[in-house]
Amino acid sequence: MDSAGWWVLIGAVALVTVAIKAAGPVLLGGRELPSRAAAVIALLPAPLLAALVVTAALSEGQRWEVDASTAGVAVAGVLLWRKAPLLLAVLVAVAVTAGLRALGG
C-alpha cells in the first residue's frame, strides 16, 4: 500500500471512531454510559493511531522490515519519552538514521 493509501486508511479509522462516538448517545437514548465504559472509549484513538503508524513504518509490502529509519524513530521516541525537546529528537533521529545508512552502504 502506498503512502496515500495509508492516509486514506487513517482518515477512515478516524471517521469510524467519530461515528462510534456519535452513535453512542443515539443508541443510549440520552442515558449516560457507565464511567468504566466511557474511560475505555476515551482511550481507544491513541492505540489505534499508534498501531497504524507502526504498521506504516515497519511494513514493506507483505513483510515487516526494520532498517535505519526504524532505529531513528525509536531513538526519537525514547528522547521524547524522556522529555527532550522535539527539535533535538528530530535532529538526533536524522543523525542516527543517516549514520546507520552510511555504515550499511
Side-chain angles (χ1 to χ4, degrees):
M1 183 179 302
D2 62 351
S3 63
W6 285 111
W7 285 113
V8 169
L9 182 61
I10 290 170
V13 169
L15 288 174
V16 168
T17 302
V18 170
I20 290 171
K21 286 185 176 190
V26 171
L27 295 175
L28 289 173
R31 297 180 309 242
E32 289 291 321
L33 275 177
S35 62
R36 191 163 175 93
V40 169
I41 290 171
L43 295 174
L44 284 176
L48 284 173
L49 181 60
L52 288 170
V53 168
V54 167
T55 303
L58 296 179
S59 66
E60 182 65 39
Q62 295 292 322
R63 63 188 188 340
W64 293 96
E65 183 175 304
V66 177
D67 59 4
S69 61
T70 308
V73 170
V75 168
V78 169
L79 287 172
L80 291 172
W81 172 59
R82 301 298 299 167
K83 307 267 191 272
L86 178 61
L87 182 60
L88 175 65
V90 170
L91 292 175
V92 171
V94 167
V96 167
T97 302
L100 288 174
R101 285 185 179 164
L103 289 174

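- For Leu43, there are no side-chain contact (heavy atoms from CB on, under 4.5 Å) partners two or more places apart in sequence or in a different chain.
- In this structure, the side-chain contact (heavy atoms from CB on, under 4.5 Å) partners of Ala93, at least two apart in sequence or on a different chain, are Ala76.
- In terms of hydrophobic clustering, with Ile, Leu, Val, Met, Phe, Trp and Tyr side chains grouped at heavy-atom distances under 4.5 Å, Leu52 and Trp7 are assigned to a common cluster.
- In terms of heavy-atom proximity, Ala68 sits nearest to Leu100 at CB-CB, 3.7 Å.
- Interatomic distance, Leu91 CG to Leu86 CG, rounded to the nearest 0.5 Å: 9.5 Å.
- A search for side-chain contact (heavy atoms from CB on, under 4.5 Å) contacts involving Ile20 returns Val16, not counting sequence neighbours.
- The hydrophobic cluster containing Val54 does not contain Leu48, counting ILVMFWY residues as joined when their side-chain heavy atoms lie under 4.5 angstrom apart, directly or transitively.
- Linking Ile, Leu, Val, Met, Phe, Trp and Tyr residues whenever their side-chain heavy atoms come within less than 4.5 Å leaves Leu58 and Trp6 in two separate clusters.
- By the rule that hydrophobic residues join a cluster once side-chain heavy atoms approach within less than 4.5 Å of another member, Leu49 and Val13 end up as members of one cluster.
- Remark: Val92 pairs with Val75, Leu79, Leu88, Val96 by the side-chain contact (heavy atoms from CB on, under 4.5 Å) rule, at least two apart or across chains.
- By the 4.5 Å side-chain criterion applied to Ile, Leu, Val, Met, Phe, Trp and Tyr, Leu44 is assigned to no cluster and stands alone.
- Each salt bridge (Lys or Arg N to Asp or Glu O under 4.0 Å) pair with one or both residues in residues 64-85, not counting sequence neighbours, appears once here: Arg63-Glu65.
- Here the closest non-hydrogen pair linking Thr17 and Pro45 is CG2-CG, 4.1 Å.
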